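This report concerns only the one structure given below.
Protein chains get the first letters and strands the later ones, always in sequence-line order, with residue 1 at the start of each. Just so we're clear, the structure is a prediction, and the values are computed from it rather than from any experiment.
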Amino acid sequence: MSVNIYARMRESVLAGLRGIVPDLPEAIAARVDAGPTREAEHGDVATNAALVAAKAARMPPAKLAAALAAALAADPDIAAAEPAGPGFVNIRLRPAALHAELPSILRAGEAYGESRAGAMRRVNVEYVSANPTGPMHIGHCRGAVVGDALANLLAKAGYRVIREFYINDAGAQVAALAWAAYWRYLQALDSPLDEAAFDAATPGGLQYRGDYLIEVGAALARKHGATLAAPGLGIADPALWFDTVRETAVAMMMAAIREDLAALGVVHDVFTSERALLAAGAVDAAIERLAGADLIYEGVLEPPKGKLPEDWEPRPQTLFRSTRFGDDVDRPLRKSDGSNTYFANDIACHADKMARGAEIMIDVWGADHGGYVPRMQAVVKALAPDGGAKLEVVLCQIVHILKGGEPVRMSKRAGTFVTLRDLLDEVGRDVVRFIMLTRKSDAQMEFDLDAVLAQTRENPVFYVQYAHARCRSVLRLAAEQLGAEAVAPERLAEAPLGALTDAGELGLIRRLAGFPRLVDAAAEAREPHRIAFFLYDLAADFHTLWNRGRDDAALRFLQAEDPEGTRARLALVAATAVVIRSGLSVMGVTPVEEMR
RNA sequence: GCGCCCUUAGCUCAGUCGGAUAGAGCAACAGCCUUCUAAGCUGUCGGUCGGUGGUUCGAAUCCACCAGGGCGCGCCA
């Protein structure tokens, strides 16, 4: 397997630098970069080596750059190297060095861009984790896509990834679900009870009124007849029915959520039940561990500053000393009635992930949970004092759904909310996934149902897909003219590439060659959206080259009178398609073969 | 009151551990189809990177303070 051209240049730069500065500290070497230039006149590759190493070398940057440039001239891949600006070294590659990237891409196929940057570290990415109280709605969508793409990205960058869904099946929400399902059960049995009366009899009131629970009620009635209801079909003692109804309802809701996830193309490796963790005593065990480290105490919190809750009164609670790890206040683990807070359960959840070997835990949350981050990170620090595990949180800001510029209202209360399924039916899975990755996750985004279906350059989904379709179109035509064998990747990988001399062609190769370092940088930053922007830029390069074939016949890909040049350009086109597919696969988007 | 996130062209947004003259799309204007899909391409116009200081060879990027927007702040999850 040949090495990426930028990675190779970095090695060459480091070797040259070590020749000049024999005792180069590792920390400095790690900061040396060799990457694509922004300006064509700066050559193909620029390195900051002289700038970062000047101090260690006890030389002015410009002088060190000159010495490094002289040393690099010996590299056979380098046509010219010269010091520039405050201390850069600009490198112009021999075309053959760039050309070599194409067979490398063609042989790797969609594996192109994979790296070992993650060093096989174990990463647990937890995302979606919707309450099992109903089908997925649009609010879950962004986190699902971002989490899934991030997991793909980390896997590509050489991490061992576990994709986890944490089922919140133990809290008050699930109790409310059970009551709501019980209401539908009574209805299925033609109970004389009316909704208002049931609402009044339900602890906390009837919370879930959506139609999707009718099916749950019907299933309960089929399976249990009237045995869960009181004589006269009123509300029986919850001890008789509550667990049964809750289990059935949660199971059916989880089945619905899994179907929704499958429709979105999201697959998890592990589904962890909060209830099961509780039953196994995981919460108490985790609290014991913290108590053993003297991080738990009984105390009374200061009232929050500013707006005071109306019913505030100081009460003793079981508290975790999160302030020792940088949080603002200590956080309660048990409510004043002695039951556990959600925080306590979440501690058990993360302790469980660590016990299963996670070195890096990445939770994808809605931005409204932002205030929760410091306490959770504090707990992980407390549970892994040696730094053997850490928690990172990716926050996803809200997505505003628009239709023709007008906001689409969501009303969860009446059960008329916009579901994920509605969205998928409206615009399709690939569009949803791509658009969700066209913003940094912590920036708010607007999702216009009309705009994302437009077939213009301003719609990045279309624009990237169109570039891929054009690549495939050229290759189809070539297969007709030259035979399928001639355009097979392994054959194109052997093609002589000397004909690729045009600046646009070489620029496209430079772009393609930048993909591996883009993958590494995006994985490092936990920012899958960078893939989308890269593909957009790549598509622009390709569309430009395509159109230049109109003005300059020498740049047309297929030319009967120039078989060798044609093969070279087909290799470029095929490699472009490969990189687009490779990027799309990280995003979980299916490439299209042709536009219709 | 406190904490976190955000502020880049008229609009929507990129900006690769601090790097060279801050980049795209839209909008506006001017061009390109006997030729691999014009669903595309090319060019022009457009910026005190919210403000003020600081750190250094160098700041949109790091730090401090200020202004504006969003989210959150015990017994919800």
Side-chain angles (χ1 to χ4, degrees), chain A residues 30-31 33 35-39 42 46 48 51-52 54-55 60-62 84-88 90 131 168 170-174 274 300-307 309 311-315 317 319 327-332 334-339 341-343 345-346 366-374 395 397-398 438-440 442-446 454-460 462-463 465-467 469-470 473-478 514 517-518 520-522 524-525 527 529-530 533-534 536-537 540 543-551 553 556-559 569 573 594-596:
Chain A
R31 291 177 55 206
D33 188 31
T37 54
R38 199 164 25 183
E39 307 284 337
H42 294 153
N48 62 351
L51 288 161
V52 300
K55 209 163 274 179
F88 292 100
N90 291 334
N131 289 337
N168 296 119
Q173 299 304 312
V174 169
E274 180 183 15
V300 180
L301 285 175
E302 294 286 310
K305 298 282 194 294
K307 205 173 123 190
D311 58 347
W312 169 267
E313 54 180 279
R315 285 176 187 163
Q317 294 178 284
L319 300 168
D327 201 359
D328 301 326
V329 292
D330 293 336
R331 303 294 179 174
R334 294 206 173 95
K335 306 172 193 173
S336 48
D337 68 2
S339 64
T341 59
Y342 180 80
F343 178 47
N345 293 357
D346 234 5
D368 54 343
H369 289 57
Y372 203 73
V373 176
L395 295 179
Q397 278 285 358
I398 196 159
T438 55
R439 292 281 182 277
K440 274 187 300 223
D442 59 2
Q444 287 184 30
M445 83 183 289
E446 297 192 339
Q455 300 196 328
T456 68
R457 177 165 188 166
E458 51 186 315
N459 178 2
F462 163 76
Y463 191 68
Q465 292 283 29
Y466 188 30
R470 276 182 156 173
S473 163
V474 171
L475 293 167
R476 271 196 306 273
L477 211 60
R517 65 200 313 278
L518 182 276
D520 279 349
E524 173 79 24
E527 292 184 342
H529 76 277
R530 293 192 194 185
F533 283 94
F534 173 85
Y536 186 82
D537 290 341
H543 287 308
T544 295
L545 191 58
W546 173 287
N547 275 276
R548 284 190 56 207
R550 298 177 173 280
D551 304 328
R556 291 175 59 79
F557 300 124
L558 302 177
Q559 296 181 52
R569 285 182 294 271
V573 171
E594 56 184 331
M595 308 301 290
R596 278 292 168 212

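Summary of the strand contacts: A/Leu545 and A/Thr37 both lie near RNA chain B, and taking for each the nucleotide with the nearest heavy atom, the more 5' one is attributed to A/Thr37. Checking A/Gly85 against A/Gly371, the closest nucleotide of RNA chain B that is more toward the 5' end is the one next to A/Gly85.
Nucleotides B/C45 and B/G25 place their P atoms 14 Å apart, quoted to the nearest Å. Separation of the C1' atoms belonging to B/G43 and B/C6 is 35 Å when rounded to the nearest angstrom. Nucleotides B/A60 and B/U16, compared at atom C1', are 14 Å apart to the nearest Å. B/G10 and B/G1 have their C1' atoms separated by 38 Å, given to the nearest Å. The gap from the C1' atom of B/U44 to that of B/C26 amounts to 16 Å, rounded to the nearest Å. Nucleotides B/A9 and B/U52 are separated by 16 Å at their P atoms, to the nearest Å. To the nearest whole angstrom, the two C1' atoms, one in B/C36 and one in B/G19, are 41 Å apart. The gap from the P atom of B/C65 to that of B/C2 amounts to 11 Å, rounded to the nearest Å.
Legend: residues meeting side-chain hydrogen bond (donor to acceptor under 3.5 Å, both in side chains) with A/Glu274, ordered by chain and number and at least two apart, are A/Asn345. A/His529 is linked by a ring-ring contact (aromatic ring centres under 6.0 Å, His included) to A/Phe533, counting only residues two or more places apart in sequence or in another chain. A/Tyr372 meets the side-chain hydrogen bond (donor to acceptor under 3.5 Å, both in side chains) test with no other residue; sequence neighbours excluded. In this view, A/Glu524 satisfies the side-chain hydrogen bond (donor to acceptor under 3.5 Å, both in side chains) rule with no residue, not counting sequence neighbours. Every residue two or more places apart in sequence or in another chain that forms a side-chain contact (heavy atoms from CB on, under 4.5 Å) with A/Gln559 is listed here: A/Arg556, A/Glu561, A/Asp562, A/Thr566, A/Arg569. Partners of A/Ser473 according to the side-chain contact (heavy atoms from CB on, under 4.5 Å) rule, which considers only residues two or more places apart in sequence or in another chain, are A/Arg476. Judged as a side-chain contact (heavy atoms from CB on, under 4.5 Å), and not counting sequence neighbours, A/Lys55 has no contacts. Checked against side-chain hydrogen bond (donor to acceptor under 3.5 Å, both in side chains), A/Asp327 has the following partners two or more places apart in sequence or in another chain: A/Ser322, A/Arg331.
Between the CZ atom of A/Arg517 and the C1' atom of B/G15 there is a distance of 14 Å, rounded to whole Å. A/Gln397 has its CD atom 11 Å from the C1' atom of B/G72, to the nearest Å. Atom-to-atom, CG of A/Asn168 to P of B/A77 comes out at 9 Å; the value is rounded to the nearest Å. The separation between A/Leu477 atom CG and B/U35 atom P is 14 Å, rounded to whole Å. Taking atom CG on A/Asp330 and atom C1' on B/C75, their separation rounds to 16 Å, with Å as the unit. Following rounding to the nearest Å, A/Glu527 (CD) and B/C17 (P) show an atom-to-atom distance of 11 Å. Rounded to whole Å, atom C1' of B/C36 lies 5 Å from atom CG of A/Leu558. Per the geometry, CG belonging to A/Asp368 stands 16 Å off C1' belonging to B/G3, to the nearest Å.
Between A/Leu301 and A/Gln317, the closest heavy-atom pair is CD1-OE1, 4.1 Å. Taking every heavy atom of both residues into account, A/Asn90 and A/Ala46 meet most closely at OD1-CB, 3.6 Å. Across every non-hydrogen atom of A/Ala478 and A/Leu558, the tightest pair is CB-CD2, 3.8 Å. For the pair A/Gly366 and A/Leu395, the tightest heavy-atom approach, listed with the atom from each and the gap, is O-CD2, 3.8 Å. The shortest heavy-atom contact between A/Arg31 and A/Asn48 is O-ND2, 3.3 Å.
A/Asn48 comes within contact range of no nucleotide atom at all, as no heavy-atom separation falls under 4.0 Å. Within 4.0 Å of A/His529, counting heavy atoms only, lie sugar-phosphate atoms of the nucleic acid but no base atom. Among the protein residues, A/Asp33 comes within range of no part of the nucleic acid, since none of its heavy atoms lies under 4.0 Å from any strand. Within 4.0 Å of A/Ala553, counting heavy atoms only, lies no atom of the nucleic acid at all. Residue-level contact check: A/Ala30 touches the bases, meaning some heavy atom is under 4.0 Å from a base atom. Within 4.0 Å of A/Glu594, counting heavy atoms only, lies at least one base atom of the nucleic acid.
Checking the phosphate oxygens (OP1, OP2) of B/U37, a side-chain nitrogen or oxygen of A/Ser473 falls inside 4.0 Å.
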Any protein N or O atoms within reach of nucleotides 55-61 of chain B? Criterion: under 3.5 Å, listing atom names and distances.
none

When you compare the protein's N or O atoms with those of nucleotides 10-13 of chain B, which come within less than 3.5 Å of each other, and at what distance?
from	atom 1	to	atom 2	distance (Å)
B/U12	O2'	A/Arg439	NH2	2.7
B/C13	O5'	A/Arg439	NE	3.3

Would you tabulate the pairs of protein nitrogen or oxygen atoms and nucleotide nitrogen or oxygen atoms of nucleotides 40-47 of chain B closer than 3.5 angstrom?
from	atom 1	to	atom 2	distance (Å)
B/G40	OP1	A/Arg457	N	2.6
B/G40	O2'	A/Arg470	NH1	3.0
B/G40	O2'	A/Asn547	ND2	2.6
B/G40	N2	A/Asn547	OD1	3.3
B/G40	N3	A/Asn547	OD1	3.3
B/C41	OP1	A/Arg457	NH1	2.9
B/C41	OP1	A/Tyr463	OH	2.3
B/C41	O4'	A/Asn547	ND2	3.0
B/C41	O3'	A/Thr544	OG1	3.3
B/U42	OP1	A/Thr544	OG1	3.0

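Applying the 90° criterion around 0 to the glycosidic angle, B/C33 comes out syn.
With B/C36, B/U16, B/A77 as the choices, the nucleotide that has an atom nearest any side-chain atom of A/Arg556 turns out to be B/C36.
A distance-only check finds a donor-acceptor pair linking the side chain of A/His543 to the backbone of A/Tyr463 [under 3.5 Å].
With rounding to the nearest 0.5 Å, the separation of OH in A/Tyr466 from OG1 in A/Thr456 is 12.5 Å.
Counting only Watson-Crick and G-U wobble pairs whose two key distances fall under 3.5 Å, RNA chain B forms stems of three or more stacked pairs at B:1-7 with B:67-73, B:10-13 with B:23-26, B:28-32 with B:40-44, B:50-54 with B:62-66.
With contacts defined as side-chain heavy-atom distances shorter than 4.5 Å, the pair A/Val174/A/Asn168 does not qualify.
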